[in-house]
Amino acid sequence: NSTADSDLSMTLWVLPDEPAEVRLVRVRNRTSADAVFRIVAYLQMVLGETAQDTRGLIRSEYDAEHQILFFTNPSNQFHRGWAFVCMGVPLEAYATSRRRFLGGGNRDFTCPFMVEHGTPDPSVPEDDCAAAALAGTFAVPAGQEACVVIIIGQAQTREEAVRIAATYRDASAARASFDAAQAWWADLLSAVQVRTNNPGFDRLVNHWLPYQVYTAHLWGRVGPSQRSGGYGYRDQLQAALPLIYINPEIARSQILLHARQQFYGSGDVLQWWHQ
């Protein structure tokens with residue numbers, strides 16, 4: 001996005017070797033005077049199948065030493081761990097509920113109190129809708145550019161989360177991880193390449209469809225009937241079929257995973273399951 005005073009862009013990616021997503025916000029000051037910008041990050045925390053299921057069940061903590069917001073849902077039977085959110089600028093304010101972020105009155109996501117004032121609304125009580133809201137400011141010299149990193153993840157331990165945050169909240173480290181993620185995907189999607197007289201078809205077959213198989217079907221398991229990432233005996237097996245040619249190691253591991261869900265004697269299998 002561009003205005004008369006600034007250019008703004010955000011690039012986001014998932015680290016291929018860490019349980020976190022990195023967002024890099026770039027701001028260019030187009031004026032002839034130094035400027036100070038406020039950045040406010042907001043995310044609703046679910047930590048379960050649906051937001052309604054986990055309202056009131058999510059615990060939040062603020063680590064002042066490392067300036068990280070932590071969230072956990074002890075009642076989640078499928079996945080445990082510490083969700084965390086942090087930014088690469090000094091944190092000036094934070095909120096852990098949606099109501100405090102939005103504020104009282106008729107405010108909604110078009111005019112949140114915390115975005116306007118830089119602090120949560122102290123006049124309203126917290127609600128049971130867990131959220132991560134963080135605010136900070138940063139300076140951008142005249143005619144120059146600055147970057148702010150936002151990190152979102154879920155680690156098995158708080159120590160692991162602190163390590164990830166310390167590594168990637170630096171803008172130069174974040175940029176390097178973006179280059180590494182691009183190289184990782186380029187290598188993963190390079191096993192089979194189709195060339196025709198239709199560039200759109202080539203893009204679909206060479207990149208988009210394999211990417212969807214990996215991220216949506218095998219790793220994310222985000223189909224309409226796969227709430228909370230359940231495995232479907234038929235669904236993930238048929239999704240793995242194209243990988244026999246482009247990634248036989250992953251195809252083999254998927255076949256073995258499903259074979260372990262078959263009952264001895266009867267031959268029946270689990271239709272759906274969680275690990």
Side-chain angles (χ1 to χ4, degrees), residues 12-24 41-88 91 94-98 100-101 126-134 149-170 173-174 177-178 180-181 184-185 188 214-223 225-232 235-236 250 253-254 257 260-261 270 272-275:
L12 61 92
W13 62 97
V14 174
L15 300 171
D17 55 351
E18 300 276 22
E21 173 189 287
V22 179
R23 303 184 180 191
L24 187 67
Y42 173 86
L43 300 103
Q44 183 175 345
M45 310 306 292
V46 177
L47 304 187
E49 289 197 53
T50 68
Q52 185 61 37
D53 291 342
T54 61
R55 292 193 68 158
L57 300 177
I58 298 176
R59 300 175 183 174
S60 62
E61 296 181 32
Y62 175 57
D63 183 334
E65 179 183 357
H66 302 100
Q67 296 196 332
I68 300 174
L69 281 176
F70 284 104
F71 299 85
T72 185
N73 178 7
S75 67
N76 191 332
Q77 299 179 25
F78 299 133
H79 188 80
R80 303 289 174 87
W82 294 89
F84 63 96
V85 183
C86 67
M87 291 201 303
L91 203 60
Y94 71 90
T96 56
S97 77
R98 181 172 63 184
R100 283 278 179 89
F101 169 77
E126 293 192 354
D127 61 355
D128 58 1
C129 183
L134 308 92
V149 178
I150 304 169
I151 303 172
I152 308 149
Q154 186 172 26
Q156 292 296 316
T157 65
R158 290 176 61 131
E159 291 74 19
E160 183 184 6
V162 169
R163 178 188 60 78
I164 294 171
T167 301
Y168 297 101
R169 72 198 323 169
D170 175 72
S177 74
F178 177 66
W184 185 84
W185 274 110
L188 190 64
Y214 285 121
T215 60
H217 290 276
L218 297 184
W219 299 337
R221 301 183 298 283
V222 294
S225 300
Q226 294 177 278
R227 287 174 56 184
S228 76
Y231 284 88
D235 296 65
Q236 271 65 51
I250 290 183
S253 66
Q254 196 70 38
L257 173 66
R260 287 195 291 270
Q261 316 310 318
L270 293 176
W272 294 98
W273 78 90
H274 289 87
Q275 292 296 88

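Taking each heavy atom of Ala51 and Val46 in turn, the nearest pair found is N-CG1, 3.7 Å. Heavy atoms only, all atoms of each residue included: Trp82 and Gln156 are closest at CD1-O, 3.7 Å. Glu21 approaches Arg23 most closely through the heavy-atom pair OE2-NE, 2.6 Å. Heavy atoms only, all atoms of each residue included: Ala155 and Ala161 are closest at CB-N, 3.8 Å. The two residues Trp13 and Ala174 come nearest to each other via the heavy atoms CZ2-O, 3.0 Å.
Here the straight-line distance linking atom CG of Leu57 with atom OG of Ser75 works out to 4.0 Å at 0.5 Å rounding. The distance from atom CD1 of Ile150 to atom CE of Met87, rounded to the nearest 0.5 Å, is 6.5 Å. Within the model, atoms CD1 of Ile250 and CG of Leu257 stand 12.5 Å from one another, a figure rounded to the nearest 0.5 Å. Atom CZ of Arg163 is separated from atom OH of Tyr168 by 7.0 Å, given to the nearest 0.5 angstrom. Here the CD1 atom belonging to Ile58 is positioned 9.5 Å from the CG atom belonging to Asp128, to the nearest 0.5 angstrom. Residue His66 holds its NE2 atom at 11.0 Å from SG of Cys86, rounded to the nearest 0.5 Å.
Using a 4.5 Å heavy-atom cutoff, the side chains of Glu126 and Thr96 are in contact. Residues Tyr62 and Gln67 form a side-chain contact, since some pair of their non-hydrogen atoms from C-beta on lies under 4.5 Å apart. Looking only at side-chain heavy atoms (C-beta outward), Leu69 and Leu134 come within less than 4.5 Å of each other. Val162 places a side-chain heavy atom less than 4.5 Å from the side chain of Ile68. Side-chain contact between Arg260 and Trp273 is absent, with no heavy atoms from C-beta onward closer than 4.5 Å. Side-chain contact between Ile151 and Phe84 is present, with heavy atoms from C-beta onward closer than 4.5 Å. With contacts defined as side-chain heavy-atom distances shorter than 4.5 Å, the pair Val22/Leu12 does not qualify. Counting heavy atoms from C-beta on, the side chains of Val14 and Pro19 never come closer than 4.5 Å.
In this structure, the side-chain contact (heavy atoms from CB on, under 4.5 Å) partners of Ala83, at least two apart in sequence or on a different chain, are Met45, Leu47, Phe71, Gln154. For Arg59, the salt bridge (Lys or Arg N to Asp or Glu O under 4.0 Å) test picks out no residue, with sequence neighbours left out. Not a single side-chain hydrogen bond (donor to acceptor under 3.5 Å, both in side chains) links Asp127 to another residue, sequence neighbours left out.
Between Glu160 and Arg158 there is no salt bridge, since no side-chain nitrogen of the basic residue lies less than 4.0 Å from a carboxylate oxygen of the acidic one.
Checked by atom type and distance alone, the side chain of Gln254 never pairs as donor or acceptor with a backbone atom of Leu218 at under 3.5 Å. Using modelled atom types, no side-chain atom of Arg169 and backbone atom of Ala166 make a donor-acceptor pair closer than 3.5 Å.
Ring orientation note: the planes of Tyr42 and Phe101 are close to parallel, at an angle under 30° on the 30°/60° scale.
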